[in-house]
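Heads up, the thing below is written out as structure tokens.
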Amino acid sequence: MLRLYDTATGAVAPLEPRDPGSVGLYVCGPTVYGPPHVGHGRFVLVYDVLRRYLEHTGLAVRHVSNVTDVDDKIIARASTEGRDWREVAAESEQQWWATMDAMGVLRPTEVPHATGYVEEMVDLVAALVERGVAYEVGDGVYLACDAVDGYGLLAHQDIETLRASAGARLAVADEKRSPVDFALWKKAKPGEPTWGSPFGHGRPGWHTECVVMSLALLGDGFDVHGGGLDLVFPHHENERAQAVALGRPFARRWVHNGLVTVGGEKMSKSLGNVTDLAEIVASSDPRAYRLLVLRAHYRSPLEVGAPTLADASSALARVDELARRLDAVGREMPQDGERAPGSGGGRAASALADAEAVAFADAMDDDLATPRALAGLLGAVRRANSLLDRRDVAGGAALGRAALDLLGVLGIARRLAEEADEGVLDIVRRRDAARADRDFATADNLRAELESRGWVVEDSPDGTKVRR
RNA sequence: GGCGGCGUGGCCGAGUGGCUUAGGCAAGGGCCUGCAAAGCCCUGUACCCGGGUUCGAUUCCCGGCGCCGCCUCCA
């Protein structure tokens, strides 16, 4: 069984689902006001792999990830660009999915939009007011955090400390009773999108959006709530506060992924080091970024840059090379190739494959230790290549296929080979003819020609092979 | 100031009280090759500093130094 770290307790513990056989996972999704960056890419990949692994172990996963489609930043951008806020949100969301699809990320099973749940949000705010834990002032409705049992659970600080900390930093200008209180409902300002409510026209606060959507779709006491480490406080703390104030059980487990650094620092607009995710997907194999992300533990910080991406790309090339070799082997061998006749090594070979699967599960069950899982798999890739080099086709194929299958669980499936067109094949044939004539000067010129067209040229007993 | 975390070989990045002390990339040597490419084999003797605990610490404890994140919108 998967053991996962819980931010609330600071300990690793088995993930025991509320409903046997299935897991409800809520992940805070993007606010759609601009193009996705590598930080978004990391959180999406982390939870994509969590989901894939849970499904691999036979659990049904209900994976809910919201889109925040009304927010200060969306409104601000629409305003400066003189456009409708809905248009900005829709366009950004389209960009989001295009990039995620390119990265091979599974779409969440449900994608609630904040604007689709405003009525429920109003109801929730009203219920909190009715219970006397929320109060209305001039610019909105706030939650009185003092009334919340265990406020500070995720921040690992008591409310007095949080109050002092917030009070010291914020020039208190609004009408909140306490600096830690937060807006459930923001009353309308001129030119902003609004909805009607018992507290006047306005829009919901961010923290209210997520608590409403997660409970609406996954129900009380759902299994896992995830998001970036930077959402722990105040966002998740405040989501939880609302549920607690209502007397509803909230997430049973809190999972947070580490942040991406660029040049050793967190990405931020003020530092000017925000790396566009779409650029990475366009300029390199999207699986390279996935590999990079999985090579670090999900709770550690991760350095992303051209050098680390190039590094991951090279590692991936070796995996793909094995896949190509196995394809070739598959054509020469019967399809039940693991037990190829006359090899005699079949049983030992499948034992080797089983051992890989066990090691993989051990690593993954240990708080999603993808670095260890990957280390094992990449080692298996090398050993499989080694067996194939030594003509142990049965052993190499069994081990190699096992490794590739398990890499597939992580979303690092093999890339489809690109077919060479007739013009390229013509050069290949001329080069083979030249090599047969031992006219190496001509052969080398033709190889240079192929390489200049972007093909990697490899000689084999069957003649020139090209790939890219 | 409070809270959380980190400092590992050229780079990225796991991990561990001693045992064969990840993995990847890069580098050097080798096998293979007409030469390459790809693949494989071999090599590197790393754990911020100072104390302490211990038979033994990179790993545990204390203290420093440096760095990062959160405490305000943020994946």
(message) What is the separation between atom NE2 on H235(A) and atom C1' on C70(B), rounded to the nearest whole Å?
(response) 15 Å

(request) Grab the CG-P distance between L291(A) and C12(B) for me, whole Å please. (result) 17 Å

(request) Pick the C1' atom in U58(B) and in G1(B), then give their distance to the nearest Å. (result) 32 Å

(message) Would you say S300(A) places a side-chain N or O within less than 4.0 Å of OP1 or OP2 belonging to A14(B)?
(response) yes

(message) Check the phosphate of C40(B) against R318(A), side-chain N and O only, distance under 4.0 Å to OP1 or OP2. Yes or no?
(response) yes

(request) Return yes when atom CD of E458(A) has more than 12 non-hydrogen atoms of other residues, nucleotides or ligands closer than 6.0 Å, and no otherwise. (result) yes

(message) Does the structure place the NZ or CZ of R299(A) under 6.0 Å from the centre of the six-membered ring of Y5(A), at an angle of no more than 45° from the ring's axis?
(response) yes

(message) C40(B), OP1 or OP2 - any side-chain N/O from N385(A) closer than 4.0 Å?
(response) yes

(message) Does G2(B) have OP1 or OP2 under 4.0 Å away from a side-chain N or O of R163(A)?
(response) no

(request) Select base, sugar-phosphate, or nothing to describe what S460(A) touches, counting heavy atoms under 4.0 Å on all strands. (result) nothing

(request) Tell me what H256(A) touches on the nucleic acid: a base, only sugar-phosphate, or nothing, going by heavy atoms under 4.0 Å. (result) nothing

(request) Under 4.0 Å between any heavy atoms, over every strand shown, what does R299(A) touch: base, sugar-phosphate, or nothing? Just pick one. (result) nothing

(message) Using a heavy-atom cut-off of 4.0 Å across all strands, would you classify D72(A) as base, sugar-phosphate, or nothing?
(response) nothing

(request) Could you work out the separation of C48(B) and G9(B) based on their C1' atoms and round it to a whole Å? (result) 14 Å

(request) Look at all strands and tell whether V456(A) reaches a base, only sugar-phosphate, or nothing, counting heavy atoms closer than 4.0 Å. (result) sugar-phosphate

(request) Pick base, sugar-phosphate or nothing for L259(A), based on heavy-atom distances below 4.0 Å to the nucleic acid. (result) base

(message) For the C1' atoms, the ones on U21(B) and on C47(B), what distance do you get once it is rounded to whole angstrom?
(response) 11 Å

(message) At 4.0 Å (heavy atoms only), tell me whether G39(A) reaches a base, stays on the sugar-phosphate, or touches nothing.
(response) base

(message) Rounded to whole Å, how long is the line connecting atom CD of E303(A) with atom P of G13(B)?
(response) 7 Å

(request) Quickly work out the H236(A) NE2 to C71(B) P distance and round it to whole Å. (result) 13 Å

(request) For E321(A), answer base if it contacts any base atom (sugar-phosphate contacts may also be present), sugar-phosphate if it contacts only those atoms, and nothing otherwise; contact means non-hydrogen atoms under 4.0 Å. (result) sugar-phosphate

(request) Tell me whether the OP1 or OP2 atom of A38(B) has a side-chain N or O from R324(A) closer than 4.0 Å. (result) no

(message) Quick test of your reading of the model: are E321(A) and R467(A) salt-bridged, counting only N-O distances below 4.0 Å?
(response) yes

(request) Name the nucleic acid region contacted by V38(A), choosing base, sugar-phosphate or nothing; use a 4.0 angstrom heavy-atom cut-off, strictly under. (result) nothing

(request) Using the C1' atoms only, state how far C6(B) lies from G64(B), rounded to an integer number of Å. (result) 16 Å

(message) It should be established whether H40(A) places a side-chain nitrogen or oxygen under 4.0 Å from OP1 or OP2 of nucleotide A75(B).
(response) yes

(request) Answer yes or no for this row: F440(A) ring on G34(B) base, centroids under 5.5 Å, planes under 30°. (result) yes

